[in-house]
Amino acid sequence: MEFRYSTHAVDRMIQRQISTVEVEEILINPDGLIRQSRDKVVAFKKIEGRSDNSLAVVAVERDGNIDVVTVMVNFEVRK
């Protein structure tokens with residue numbers, strides 16, 4: 001499995017100071033997942049040492065690879 005990053009995701013990672021290690025940790029070991037469609041998910045996780053709330057990654061699985069669409073900070077699950 002390969003992680004591929006959209007230009008938008010890279011821009012947001014730089015802006016929000018989120019590393020590829022953090023993104024991949026969120027996707028591999030999330031605190032939770034929200035399925036948006038058959039192949040698109042929002043994975044979220046609280047990362048120790050960060051002052052913002054949970055980080056979230058929107059990703060799409062394609063051909064056995066993970067395409068990272070965007071990343072978010074201060075993510076909250078609404079019930």
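All of these numbers come straight from a predicted model, not from anything done at the bench.
For the atom pair CZ (R16) and OG1 (T70), the distance works out to 5.5 Å, reported to the nearest 0.5 Å. Expressed to the nearest 0.5 Å, how far CD1 of I34 lies from NZ of K40 amounts to 12.5 Å. Atom CD of Q17 and atom CZ of R50 lie 7.0 Å apart (nearest 0.5 Å). For the atom pair CG of D63 and CZ of R4, the computed distance is 6.5 Å after rounding to the nearest 0.5 Å.
Both L27 and M1 belong to a single network of hydrophobic side chains, linked directly or stepwise wherever heavy atoms of I, L, V, M, F, W or Y lie under 4.5 Å apart. Cluster annotation: V41 and I28 are assigned to distinct hydrophobic clusters (Ile/Leu/Val/Met/Phe/Trp/Tyr, side-chain heavy-atom contacts under 4.5 Å, transitive). Both V73 and I14 belong to a common hydrophobic cluster when Ile, Leu, Val, Met, Phe, Trp and Tyr are linked at side-chain heavy-atom distances under 4.5 angstrom. I18 and M72 fall into different hydrophobic clusters, where Ile, Leu, Val, Met, Phe, Trp and Tyr side chains are chained together by heavy-atom contacts under 4.5 Å.
Across all non-hydrogen atoms, the minimal contact from V69 to H8 is O-CD2, 3.4 Å. Annotation for L33 and A43: closest pair CD2-CB, 3.5 Å, computed over non-hydrogen atoms. Across N29 and K45, no two heavy atoms sit closer than the pair O-NZ, 2.9 Å.
Partners of Y5 according to the ring-ring contact (aromatic ring centres under 6.0 Å, His included) rule, which considers only residues two or more places apart in sequence or in another chain, do not exist here.
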**OP:** Walk me through it: do F3 and T20 pass the test side-chain contact (heavy atoms from CB on, under 4.5 Å)?
**Re:** CA-CA 9 Å; F3 293 95; T20 56; over 6 Å; no
Subject >> CA sep, side-chain torsions, deciding dist, call: I26, V71, side-chain contact (heavy atoms from CB on, under 4.5 Å) >> reply: CA-CA 10 Å; I26 294 164; V71 297; over 6 Å; no
**OP:** Run the numbers on I66 and E24 for side-chain contact (heavy atoms from CB on, under 4.5 Å), then give the verdict.
**Re:** CA-CA 10 Å; I66 304 296; E24 292 171 18; over 6 Å; no
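Atom CD of Q15 has more than 12 heavy atoms from other residues, nucleotides or ligands within 6.0 Å. Counting heavy atoms of neighbouring residues, nucleotides and ligands inside a 6.0 Å radius, atom CD of E2 exceeds 12 of them. Within 6.0 Å of CZ in R38 there are 12 or fewer heavy atoms belonging to other residues, nucleotides or ligands.
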Just list the side-chain donor-acceptor pairs under 3.5 Å for residues 53-62, sequence neighbours left out, or say none.
unit_1: R62; atom_1: NH1; unit_2: D67; atom_2: OD2; d: 3.0

